[in-house]
Colleague: 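A single structure is presented below for examination.
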Number of protein chains: 2
Amino acid sequence: MSKLRLSTFLPYRLSIASNAVSKAIAAAYTERFRLSIPEWRLIAILHEVEDATQQDLVRATLMDKVAVSRAAQMLEENRLVARRQDARDGRALRIRLSERGRALYRRIEPTALEYERRLLAAFGKEEIAQLSEMLGRLAEAAGRLADEDAAD
Amino acid sequence: MSKLRLSTFLPYRLSIASNAVSKAIAAAYTERFRLSIPEWRLIAILHEVEDATQQDLVRATLMDKVAVSRAAQMLEENRLVARRQDARDGRALRIRLSERGRALYRRIEPTALEYERRLLAAFGKEEIAQLSEMLGRLAEAAGRLADEDAAD
DNA sequence: TATTGTTATACTCTATAACTATA
DNA sequence: TATAGTTATAGAGTATAACAATA
């Protein structure tokens with residue numbers, strides 16, 4: 001008697017849900033705003049913190065430095081951010097949104113929130129809080145799991 | 001005053017959690033069993049249904065026919081499945097696990113369940129059921145959302 | 001020596017379209 | 001005409017390593 005069924009296996013269900021959501025959202029960002037998801041993440045963080053080094057962005061987005069570097073270059077080419085050397089550390093680049101970048105953010109924000117609202121339309125407020133919290137716990141557990149196995 | 005913060009934005013949290021879990025699991029499958037996730041999914045389904053056409057596998061795994069075709073070819077090369085033409089429909093290929101494939105499945109199953117257990121160690125039984133159900137609702141909502149927008 | 005960021009490379013996943021063979 | 005499956009191709013995303021500049 002087997003205890004494993006793919007359709008109820010949590011990693012599978014998580015992957016299906018995440019792929020479905022990513023696909024819908026990525027389509028919206030690329031078609032309507034010509035942004036990749038990495039680029040959108042940088043813009044969202046830069047709108048929160050105003051000014052950050054790429055290393056800060058690595059920490060804030062959990063993307064690696066190569067992905068951040070590529071996305072930042074794209075944004076700079078499109079004049080959505082400005083980059084300049086940090087005054088105190090000549091290796092670091094400080095990045096901030098340009099006026100154009102801020103204007104784009106203001107156009108995206110309501111769209112993003114509307115997508116989230118439609119995605120969660122069938123969820124109660126409490127359910128959403130629970131889901132969000134559980135996703136955090138899951139990511140943490142997966143990180144620990146990868147670390148433990150890497151130590152083998 | 002802005003209402004959007006990336007760290008609390010649900011699509012972002014979902015993506016982070018899913019990527020962390022996928023990364024940990026994919027590492028385990030490839031290192032220990034030399035299987036990609038698509039290949040593992042086919043094996044898991046074929047263990048449940050015994051015999052299926054590739055089209056059946058497309059429906060069961062939600063992967064597209066190209067991904068199923070590639071994974072099935074890989075599994076056949078490694079003698080984990082056997083493929084033969086369907087008796088009634090000459091276009092269709094019927095696939096089943098070989099004895100070797102079943103033996104591999106029996107080795108993977110406890111590992112997969114153990115990974116799931118460790119991932120969910122901090123979750124109560126009821127929480128797991130809720131999470132699983134909410135992920136299903138989320139995938140469904142995302143599918144509807146993509147369909148609606150595609151109609152624009 | 002270590003760190004910030006860039007470049008090159010490669011591998012996986014996904015998507016599309018063109019193709020074949022059957023229906 | 002439509003469907004099952006294959007092949008080719010290209011686009012994201014991600015990972016690694018080698019490198020330049022600076023600390």
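Predicted, not measured: the structure shown is a model, and the values here were computed from it.
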Colleague: If you take any heavy atom closer than 4.0 Å to DNA chain C, which residues from residues 83-97 of chain A end up in contact?
Modeller: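 DNA chain C contact set from residues 83-97 of chain A: Arg83(A), Arg91(A), Ala92(A), Leu93(A).
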Colleague: Does Tyr29(A) have any ring pair (Phe, Tyr, Trp, His ring centres under 6.0 Å) partners at least two apart in sequence or in another chain, and if so, which?
Modeller: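 Applying ring pair (Phe, Tyr, Trp, His ring centres under 6.0 Å) to Tyr29(A) gives Trp40(A).
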Colleague: Under the side chain to side chain donor-acceptor pair (under 3.5 Å) test, which residues partner Arg83(A), sequence neighbours left out?
Modeller: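 Partners of Arg83(A) by the side chain to side chain donor-acceptor pair (under 3.5 Å) criterion, ordered by chain and then number, come out as Gln54(A), Glu76(A).
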Colleague: Filter on salt bridge (charged side-chain N to carboxylate O under 4.0 Å, His left out), then keep only pairs touching residues 52-63 of chain B, sequence neighbours left out; what's left?
Modeller: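 As it turns out, the salt bridge (charged side-chain N to carboxylate O under 4.0 Å, His left out) pairs with a partner in residues 52-63 of chain B, which skip direct neighbours, are Asp56(B)-Arg59(B).
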Colleague: Under the salt bridge (charged side-chain N to carboxylate O under 4.0 Å, His left out) rule, collect the residues that match up with Asp86(A), sequence neighbours excluded.
Modeller: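 Listed in chain order: Arg94(A).
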Colleague: Report the residues that fulfil salt bridge (charged side-chain N to carboxylate O under 4.0 Å, His left out) with Arg96(A), sequence neighbours left out, ordered by chain and then residue number.
Modeller: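 For Arg96(A), the residues satisfying salt bridge (charged side-chain N to carboxylate O under 4.0 Å, His left out) (neighbours in sequence not counted) are Glu50(A), Asp51(A).
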Colleague: Considering residues at least two apart in sequence or located in another chain, which fulfil the side-chain contact (heavy atoms from CB on, under 4.5 Å) criterion with Arg107(A)?
Modeller: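 Once residues adjacent in sequence are excluded, the partners of Arg107(A) under the side-chain contact (heavy atoms from CB on, under 4.5 Å) criterion are Phe33(A), Leu104(A).
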Colleague: Shoot me the first and last contacting nucleotide of DNA chain D against chain B, ordered 5' to 3', at under 4.0 angstrom to non-hydrogen atoms.
Modeller: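 The protein-touched segment is dA2(D) to dA15(D).
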Colleague: Do Ser15(A) and Arg41(B) get their side chains close enough for a donor-acceptor pair, meaning under 3.5 Å?
Modeller: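 Yes.
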Colleague: Please give me every residue in residues 54-72 of chain B whose heavy atoms get under 4.0 Å of an atom in DNA chain D, ordered by residue number.
Modeller: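 Heavy-atom cutoff 4.0 Å gives Gln54(B), Gln55(B), Lys65(B), Val66(B), Ser69(B), Arg70(B).
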Colleague: Can you name the residues that form a salt bridge (charged side-chain N to carboxylate O under 4.0 Å, His left out) with Glu99(A), not counting sequence neighbours?
Modeller: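 Expected list: Arg102(A), Arg106(A).
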Colleague: Looking at residues at least two apart in the chain, or sitting in another chain, which of them share a salt bridge (charged side-chain N to carboxylate O under 4.0 Å, His left out) with Glu48(B)?
Modeller: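 So Glu48(B) forms no salt bridge (charged side-chain N to carboxylate O under 4.0 Å, His left out) with any residue.
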Colleague: Scan residues 122-131 of chain B for pairs that pass side chain to side chain donor-acceptor pair (under 3.5 Å), counting only residues two or more places apart or in two chains.
Modeller: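 Side chain to side chain donor-acceptor pair (under 3.5 Å) check on residues 122-131 of chain B returns Arg137(A)-Glu127(B).
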